[in-house]
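See structure below.
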Amino acid sequence: MERLHKLWFTMCCGLILIHQNVESARPSAMFVFGDSYVDTGNLDKSNAVAWKPPYGISFPGKPSGRHSDGKVLTDFIASAFNIPIPVPHSQRDSNSNMLRSGMNFATGGTGVFSTWPGLPSTSTQIDQLQELIGNGVYSAKNLASSLVLFSVSGNDYGAYILQQRGTVEGIPSFVESVTKQLSADLVRLYNMGFRRFAVTNMGPSGCLPAITAENSYRSCNDTISEIAVYHNSLLGEAVERIRKSRADATFVILDQYTDFMDIFQHPHQYGKFEEPLRPCCTGSCGLLDDAGKPMYNLCAHPESAFFWDALHPTQAGWQTLMGRFRSSLVSIST
């Protein structure tokens with residue numbers, strides 16, 4: 001009997017230690033870099049549509065600067081690690097008591113290079129963090145125990161094409177330049193002290209409602225998605241090279257391409273997305289005409305739509321994707 005008591009005591013102590021180790025292994029804060037897929041309020045309130053109705057109708061009930069009806073990827077990943085939502089860089093002065101949970105530098109419309117006037121590239125976003133470190137807001141110790149969420153979803157390519165900065169023939173070499181700069185950004189963050197990284201690849205750009213509207217949201221344009229396929233291939237190779245040369249760090253790729261496509265190809269397995277390519281908010285979402293009339297149409301149930309507008313998932317869409325990302329994120333806490 002005494003031996004059983006000792007065995008029981010040892011097992012209980014072991015379980016407690018395992019639990020404590022897992023808890024201590026969790027990131028204590030999160031720093032976010034990228035674009036509108038992870039931005040939680042960095043764009044200018046005076047002109048960004050993400051600060052206008054009907055954005056935010058599901059959460060928090062009003063516009064919050066998120067490009068969705070509610071929560072975005074940042075919110076779900078922070079919740080998974082029990083981290084308070086990182087304060088947006090543009091709102092840091094009014095939320096100084098929240099700085100210990102990290103900061104969100106991501107800004108809608110940005111890329112690894114300069115995309116649109118006035119928007120910070122990911123390199124500039126890292127400069128913003130570097131300035132805060134120089135001012136003593138964060139230390140190397142803060143960064144070592146934190147998670148980097150890095151998400152670039154294709155604005156570099158949109159700017160390249162729409163601003164006519166190059167040719168179709170030049171796209172492959174431009175993709176190589178983008179992934180090379182993305183890799184340099186990750187190495188820079190590592191050298192600053194970060195050791196945990198969650199990096200999203202590109203979703204299938206030919207499946208965005210902005211593209212599929214031309215066929216009434218019935219099918220994707222595989223030719224356009226080839227840019228994402230090539231980007232993701234080079235990104236995977238780059239991250240693997242970084243991982244091999246930096247064994248003390250954890251790098252996880254969140255495979256948006258595969259998971260978007262699985263939802264589009266098997267919507268009924270997810271139980272709620274009857275027309276996964278059709279957005280909830282069609283037209284010029286968030287804009288009003290001169291008479292104050294909405295220039296958009298809104299669906300009755302955003303929770304039944306995967307896409308919110310021409311480019312971005314709904315809260316329900318992100319929640320579904322997070323369910324698929326969760327297994328990849330486990331290694332962040334080990």
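This structure is a prediction, so every number in the text was calculated from the model and none was measured. Residues: numbered from 1 along the sequence shown.
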Does Glu303 reach the side chain of Ser58, with side-chain heavy atoms less than 4.5 Å apart?
no

Does Asn232 use its side chain to pair, donor to acceptor, with the backbone of Val229 at less than 3.5 Å?
no

Residues, nucleotides or ligands: over 12 heavy atoms within 6.0 Å of Arg100 CZ:
no

Look at the aromatic rings of Phe194 and Phe33 and report parallel, tilted or perpendicular, splitting at 30° and 60°.
perpendicular

Evaluate side chain to side chain contact (heavy atoms under 4.5 Å, CB included) for Tyr190 paired with Ile242, printing each intermediate quantity in order.
CA-CA 10 Å; Tyr190 172 90; Ile242 297 172; 5.9 Å; no

Minimum side-chain heavy-atom gap Pro120-Phe105 below 4.5 Å
no

Quick one: are Cys285 and Val49 in side-chain contact, heavy atoms under 4.5 Å?
no

Do the side chain of Ser79 and the main chain of Asp75 share a donor and acceptor less than 3.5 angstrom apart?
no

For Thr124 and Asp127, run side chain to side chain donor-acceptor pair (under 3.5 Å): C-alpha distance rounded to whole Å, both residues' side-chain angles, the deciding distance at 0.1 Å, then the answer.
CA-CA 5 Å; Thr124 301; Asp127 290 340; 4.6 Å; no

Applying side chain to side chain contact (heavy atoms under 4.5 Å, CB included), can you list everything that pairs with Ser153, at least two apart in sequence or on another chain?
Asp35, Tyr37

So does Ser90 get a backbone contact from the side chain of Asn42, meaning a donor-acceptor N/O pair under 3.5 Å?
yes

Between Met322 and Leu329, does the side chain to side chain contact (heavy atoms under 4.5 Å, CB included) criterion hold? Intermediate values first, please.
CA-CA 10 Å; Met322 184 61 197; Leu329 290 167; 3.4 Å; yes

Answer yes if the side chains of Ser225 and Asp222 hold a donor-acceptor pair under 3.5 Å, and no otherwise.
no

Given 3.5 Å as the limit, does a donor-acceptor pair link the side chain of Thr110 with the main chain of Gly34, or not?
yes

Mind telling me whether Tyr157 and His231 have parallel, tilted or perpendicular rings, with 30° and 60° as the class edges?
perpendicular

Between Ser36 and Gly108 (side chain of the first, backbone of the second, donor and acceptor by atom type, cut-off under 3.5 Å), is there such a pair?
no

State, without any angle test, whether Ser123 and Asp185 hold a side-chain donor-acceptor pair at a distance under 3.5 Å.
yes

Please examine the side chains of Leu43 and His67, heavy atoms only from C-beta on, and report whether any two atoms are closer than 4.5 Å.
yes

For Thr314 and Asp69: C-alpha separation, side-chain torsions, deciding distance, then whether side chain to side chain donor-acceptor pair (under 3.5 Å) applies.
CA-CA 6 Å; Thr314 57; Asp69 63 310; 4.6 Å; no

Spell out, as yes or no, whether a donor-acceptor pair under 3.5 Å connects the side chain of Asp289 to the backbone of Ala291.
yes

Going by the rule side chain to side chain contact (heavy atoms under 4.5 Å, CB included), which residues pair with Ala29 if we only count those two or more places apart in sequence or in a different chain?
Phe31, Ser146

With side chain to side chain contact (heavy atoms under 4.5 Å, CB included) as the criterion, how do Trp308 and Leu298 come out once you've worked through the C-alpha distance, each side chain's angles and the decisive distance to 0.1 Å?
CA-CA 9 Å; Trp308 166 246; Leu298 196 64; 3.4 Å; yes

SG proximity flag Cys299/Cys281, limit 2.5 angstrom:
no

Apply the test side chain to side chain contact (heavy atoms under 4.5 Å, CB included) to residues Thr107 and His89: give CA-CA distance (whole Å), side-chain angles for both, the deciding distance (0.1 Å), then the verdict.
CA-CA 9 Å; Thr107 306; His89 177 258; over 6 Å; no

Heavy-atom side-chain contact between Gln130 and Met192 under 4.5 Å
yes

Can you name the nearest heavy-atom pair linking Ser173 to Gly170, along with the distance?
OG-O, 2.9 Å

Test side chain to side chain donor-acceptor pair (under 3.5 Å) applied to Asp156 and Thr115, step by step
CA-CA 6 Å; Asp156 289 291; Thr115 51; over 6 Å; no

Do you know which of Tyr270, Phe264, Trp318 makes ring pair (Phe, Tyr, Trp, His ring centres under 6.0 Å) with Phe306?
Phe264

Residues that Arg195 engages under side chain to side chain donor-acceptor pair (under 3.5 Å), provided they are two or more places apart
Asp248

Between Ser328 and Leu254, is any pair of side-chain heavy atoms under 4.5 Å apart?
yes

For Glu240, look at atom CD and say whether over 12 heavy atoms of other residues, nucleotides or ligands are found less than 6.0 Å away.
yes

For the side chain of Thr320 and the backbone of Ala316, is there at least one donor-acceptor N/O pair under 3.5 Å apart?
yes

Passes side chain to side chain donor-acceptor pair (under 3.5 Å), Arg66 versus Ser64? Steps please.
CA-CA 6 Å; Arg66 291 169 171 83; Ser64 65; 3.0 Å; yes

Look at the side chain of Thr74 and the backbone N and O of Val38, then say whether any donor-acceptor pair between them is shorter than 3.5 Å.
yes

Are Leu99 and Leu132 packed together at the side-chain level, in the sense that at least one heavy-atom pair is separated by less than 4.5 angstrom?
no

Close side-chain approach of Arg246 and Val187, heavy atoms under 4.5 Å:
yes

